[in-house]
Amino acid sequence: MDSATSTDHRYLPETVQRSVKILVLGGFGVGKTTLIGSVSEIEPLSTEEVMSDASTGVDDLTGVGRKTHTTVALDFGRITLRRRIVLYLYGAPGQRRFWDLWEGLAEGALGVLVLVDTRRLEGAFDVLDQLEHMPGLPFAVAVNHFPDSRAHPVAELREALDLPAHVPVIDCVAPDRVTSLAALTTLTDHAMRVLATREGRS
Ligand SMILES: Nc1nc2c(ncn2[C@@H]2O[C@H](COP(=O)(O)OP(=O)(O)O)[C@@H](O)[C@H]2O)c(=O)[nH]1
Ligand SMILES: [Mg+2]
């Protein structure tokens, strides 16, 4: 092909003014790979490895069913918002033993989308605990709904996760592009507002 067409997503649209890095963090099986795959305009990259005995008893399999792969490293995707902002999406496992990995990744990141599965809320605590120690990094919580998820009122969830009032909580269904995109848009807008406020103060 001689030139980039509007449907050739290898190339960024000329309207893009800014590119930012976004982390997608969450416990095992919460839907990180699925969410990045459903929104990415490039072929998402995913490093997965067949779950080994090493993770038996470490990764909580309750409610995950027949899942036989666990993410050991990263997902990567790209999505352009409103033709102006490019998000580079990095998915990483939230468990404590991966903190070093995503602390490095978080450098220069605009914000973090914390994916939560209400059937296994414990998975979110590790991520939220660590984010408390990274106060400069804005985040939003996206509740990924599985068919057998119970509906939780947002207020209840906020309390259970001890979330400050300014942290956005968004519902999504990771395989659904529209809701996943909405979650990322909410996070991006929130993080940019936080950034603008900070810059306005300094
Ligand atoms: N029905 C349904 N299945 C989902 C949803 N999100 C993820 N899954 C499935 O749950 C499993 C774990 O998702 P995955 O993206 O691999 O989780 P990860 O470990 O966080 O990357 C996969 O089999 C997905 O297809 C969802 O919102 N609804
Ligand atoms: Mg994964």
Side-chain angles (χ1 to χ4, degrees), residues 21-79 87-106 109 111-131 139-154 157 160-161 168-187:
K21 178 157 76 165
I22 298 284
L23 261 54
V24 178
L25 299 174
F28 169 65
V30 81
K32 302 177 295 292
T33 303
T34 307
L35 182 134
I36 290 175
S38 77
V39 297
S40 186
E41 61 201 7
I42 54 169
E43 192 64 40
L45 298 176
S46 177
T47 50
E48 302 239 330
E49 199 168 85
V50 175
M51 204 157 62
S52 67
D53 288 345
S55 66
T56 308
V58 177
D59 285 320
D60 177 13
L61 291 172
T62 324
V64 179
R66 295 187 322 132
K67 185 171 161 58
T68 54
H69 286 65
T70 186
T71 308
V72 292
L74 293 174
D75 297 295
F76 178 73
R78 190 191 84 201
I79 177 70
L87 310 186
Y88 288 97
L89 306 172
Y90 292 82
Q95 296 94 312
R96 210 165 272 263
R97 65 184 190 277
F98 296 108
W99 280 356
D100 281 349
L101 170 79
W102 56 262
E103 266 195 337
L105 268 183
V112 177
L113 190 69
V114 181
L115 259 189
V116 168
D117 177 350
T118 55
R119 302 168 305 173
R120 300 174 299 129
L121 265 192
E122 326 74 64
F125 292 128
D126 270 0
V127 179
L128 294 170
D129 281 353
Q130 184 59 355
L131 286 177
F139 67 93
V141 169
V143 179
N144 185 19
H145 286 273
F146 290 81
D148 59 338
S149 295
R150 276 198 315 122
H152 284 266
V154 171
L157 196 75
L161 294 177
V169 176
I170 321 130
D171 289 310
C172 74
V173 179
D176 172 55
R177 186 167 192 278
V178 173
T179 59
S180 297
L181 204 55
L184 286 165
T185 304
T186 302
L187 163 68

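Every number for a ligand or one of its atoms is a count from 1 in the order of the listing. Worth knowing before you read on, the calculation uses all heavy atoms, side chains too, and leaves out hydrogens, waters and symmetry mates. Positions are given from 1, in the same order as the sequence printed here.
For Glu41, the side-chain hydrogen bond (donor to acceptor under 3.5 Å, both in side chains) partners are Arg78, Thr80, not counting sequence neighbours. Residues forming a side-chain hydrogen bond (donor to acceptor under 3.5 Å, both in side chains) with Ser40 (at least two apart in sequence, or on another chain): none.
Atoms CZ and CG, from Arg96 and Asp126 in turn, are 4.5 Å apart once rounded to the nearest 0.5 Å.
The shortest distance between side-chain heavy atoms of Val127 and Leu115 does not fall below 4.5 Å.
Taking every heavy atom of Pro147 and a limit of under 4.0 angstrom, the matching atoms of ligand 1 come to 1 (N), 2 (C). Atoms of ligand 1 found under 4.0 Å from any heavy atom of Val30 (numbered from 1 in listed order, with element): 17 (O), 18 (P), 20 (O). Each of the following atoms of ligand 1 lies closer than 4.0 Å to a heavy atom of Ala174: 6 (N), 27 (O).
Both the backbone and the side chain of Val173 come within 4.0 Å of ligand 1, judged by heavy-atom distances.
Note: an N/O pair closer than 3.5 Å links Thr33 and ligand 1 by distance alone. The shortest N or O to N or O distance between Gly31 and ligand 1 is under 3.5 Å.
The Mg ion (ligand 2) has an N, O or S atom of Thr33 under 2.8 Å away, backbone or side chain.
The two atoms that bring Asn144 and Gly31 nearest to each other are ND2-CA, 3.9 Å, heavy atoms only. The two residues Leu121 and Ala160 come nearest to each other via the heavy atoms CD1-CB, 3.9 Å.
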